[in-house]
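We number each residue from 1, following the sequence as shown. Everything numeric in this text was worked out from a predicted model, so none of it was measured.
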Amino acid sequence: MGGSAQVVTHRRAVAGAVLVTTSASVVAWALAYPATSMAPALTRAVADGAAVVTLGLAAVPALDAERYRDELVRRATAPLVLASAVWLVAEVVRLVLAGAEAAGVSTGRLGIRTAVDFALDTAPGRAGLLTMIVAGAVCLLVAVVPRSGPACVIAVGLAAVGVVGHPLTGHLSASSWGGLAIAVHALAAAVWCGVLAGIVLTVEHRGQWARVLPRFSQLSLWCVTALFAGGVVGAVGVLGRPADLYATGYGRVLTAKIVLTVALTALAWRNRTIWLPAARAHRSTAVVSRSRAYTELALMAAALAAAAALAVTG
């Protein structure tokens, strides 16, 4: 695929991700209404999506054979800088919105002193501040430091810390086991979704798909297992009774997320039995592999948007 054609393809993929995320955020807000607001839900969806893509792009070179990793590192650099920059900006906006909500004022009337106090003196504020620092550090690291093996490992570690920062101060923060379960759930989802996004943005030809996809498939099995285990523990800890799944705003969004996750898992298993053997045997073209990945990523984006709305639903 030529360079210009690849750029067009990537732009269309990003536009599609934005459309799916926005639409899913609106639906999740409608399901949760009036227990949440649109602005925090959408901002969190953008921030979480950018964080997931950042983690995936930082990690994806490790899936290829060592002799070919430098090529994926080179292709991942520009989108990684962009994703981490979007993540940083979204986290700044999210911190302002959360600070204004906590202070009971509009964002336009939130003073700098109040915002600083919120960032330093509250658990959600400190989590937001940590995530902002992490996103900025990843962006600076990738833009300035040559992408060596150690630099890639540091970028992955920083992104992982940023991904679990907010879940640890969310609905189950009072429970050590509950907070740990949600952190594991969030990290597993981020690795699963982010690495596939990273593959789409960096892998071009059939031979690369044949090398990378089998390793991603093995990684995704572990991710799905951890995702379901952490999610079940978290849901049991938040919901008081089964009827809450449809009687409360939180429960309705959680139900939608569960449905999306089950559908996504079924699609992933189908791809594992059909797409993976074809790609491994070089019988699936890069165009076909990319199309299958787009379908899976669309469901992932919707599920991530539902999870973002869930996190800001009272």
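- Side-chain atoms of Ser217 never come within 3.5 Å of backbone atoms of Leu213 as a donor-acceptor pair (strictly under, hydrogens ignored).
- In the model, Ser289 has a side-chain atom that pairs as donor or acceptor with a side-chain atom of Ser284 under 3.5 Å.
- Cluster membership check: Val52 does not share its hydrophobic cluster with Val60, using side-chain heavy-atom separations under 4.5 Å among Ile, Leu, Val, Met, Phe, Trp and Tyr.
- To the nearest 0.5 angstrom, Leu201 atom CG is 11.5 Å from Leu72 atom CG.
- The two residues Arg292 and Arg270 have their closest heavy-atom pair at NH1-NH1, 3.8 Å.
- Rounding to the nearest 0.5 angstrom, the gap separating the OH atom in Tyr250 from the OG1 atom in Thr255 is 11.0 Å.
- Using a distance-only test at 3.5 Å, with no hydrogens or angles considered, a donor-acceptor pair links the side chain of Thr22 to the main chain of Val18.
- Under a 3.5 Å cut-off, the side chain of Thr248 and the backbone N or O of Gly251 do form a donor-acceptor pair.
- In terms of heavy-atom proximity, Ile182 sits nearest to Gly230 at CD1-O, 4.4 Å.
- Across all their heavy atoms, Thr21 and Ala45 have their closest contact at CG2-CB, 3.8 Å.
- Nearest approach of Arg272 to Pro277, heavy atoms of both residues: O-CD, 3.4 Å.
- Residue Thr122 holds its OG1 atom at 9.5 Å from CG of Asp117, rounded to the nearest 0.5 Å.
- Nearest heavy atom pair, residue Val191 against residue Leu219, reads CG1-CD2, 3.8 Å.
- For the residue pair Cys193 and Met300, the shortest heavy atom distance occurs at CA-SD, 3.4 Å.
- Side-chain heavy atoms closer than 4.5 Å link hydrophobic residues (I, L, V, M, F, W, Y) into clusters, and following such links, even through other members, never connects Val86 to Leu140.
- Both Val27 and Val262 are members of a single hydrophobic cluster when ILVMFWY side chains are connected at heavy-atom separations under 4.5 Å.
- Of the possible donor and acceptor atoms, one in the side chain of Arg252 sits under 3.5 Å from a partner among the backbone N and O of Tyr246.
- Counting non-hydrogen atoms of neighbouring residues, nucleotides and ligands closer than 6.0 angstrom, the CD atom of Glu71 exceeds 12 such neighbours.
- Within the 4.5 Å cutoff, side-chain heavy atoms of Glu296 are placed close to those of Leu264.
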Evaluate Gln208 against Tyr68 for side chain to side chain contact (heavy atoms under 4.5 Å, CB included), listing each step before the verdict.
CA-CA 9 Å; Gln208 285 180 315; Tyr68 300 111; 5.9 Å; no
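- Counting only heavy atoms from C-beta outward, the side chains of Phe228 and Val224 approach each other to under 4.5 Å.
- In the hydrophobic clustering (ILVMFWY side chains linked at under 4.5 Å, chained through shared members), Leu129 is joined by Ile112, Val116, Leu120, Ile133.
- Of the listed residues (Arg69, Arg211, Arg215), just one forms a salt bridge (Lys or Arg N to Asp or Glu O under 4.0 Å) with Asp64, and that residue is Arg211.
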Could you check Thr36 against Leu310 for side chain to side chain contact (heavy atoms under 4.5 Å, CB included), going step by step and ending with a plain yes or no?
CA-CA 9 Å; Thr36 191; Leu310 204 61; over 6 Å; no
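- Distance SG/Cys152 to CG/Leu80: 8.5 Å, rounded to 0.5 Å.
- To the nearest 0.5 Å, atom CG of residue Leu196 and atom CZ of residue Phe216 are 4.5 Å apart.
- Of the possible donor and acceptor atoms, none in the side chain of Arg94 sits under 3.5 Å from a partner among the backbone N and O of Val46.
- Ion pairing of Arg75 with Asp70 is absent here, as no side-chain N (NZ or NE/NH1/NH2) approaches a carboxylate O to less than 4.0 Å.
- Residues Trp87 and Glu91 bring a donor and an acceptor atom of their side chains to less than 3.5 Å of each other.
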Would you sort out whether Lys257 and Leu31 count as a side chain to side chain contact (heavy atoms under 4.5 Å, CB included), showing the intermediate values?
CA-CA 11 Å; Lys257 182 189 171 189; Leu31 289 172; over 6 Å; no
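- Tracing side-chain contacts under 4.5 Å through hydrophobic residues (I, L, V, M, F, W, Y), one never reaches Val312 starting from Leu97; they form parts of separate clusters.
- With contacts defined as side-chain heavy-atom distances shorter than 4.5 Å, the pair His166/Arg44 qualifies.
- Cluster annotation: Leu227 is connected to Leu260 through the hydrophobic network of ILVMFWY side chains, with a link wherever side-chain heavy atoms come within less than 4.5 Å.
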Applying side chain to side chain contact (heavy atoms under 4.5 Å, CB included) to Val288 and Trp275, what does each step give before you reach the verdict?
CA-CA 9 Å; Val288 170; Trp275 175 23; 5.6 Å; no
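- Here Thr285 contributes atom OG1 and Trp209 contributes atom CH2; the two are 10.5 Å apart, rounded to the nearest 0.5 Å.
- Here Leu95 sits in one hydrophobic cluster together with Leu88, Val92, Phe118, Met132; the rule is ILVMFWY side chains under 4.5 Å apart, joined directly or through other members.
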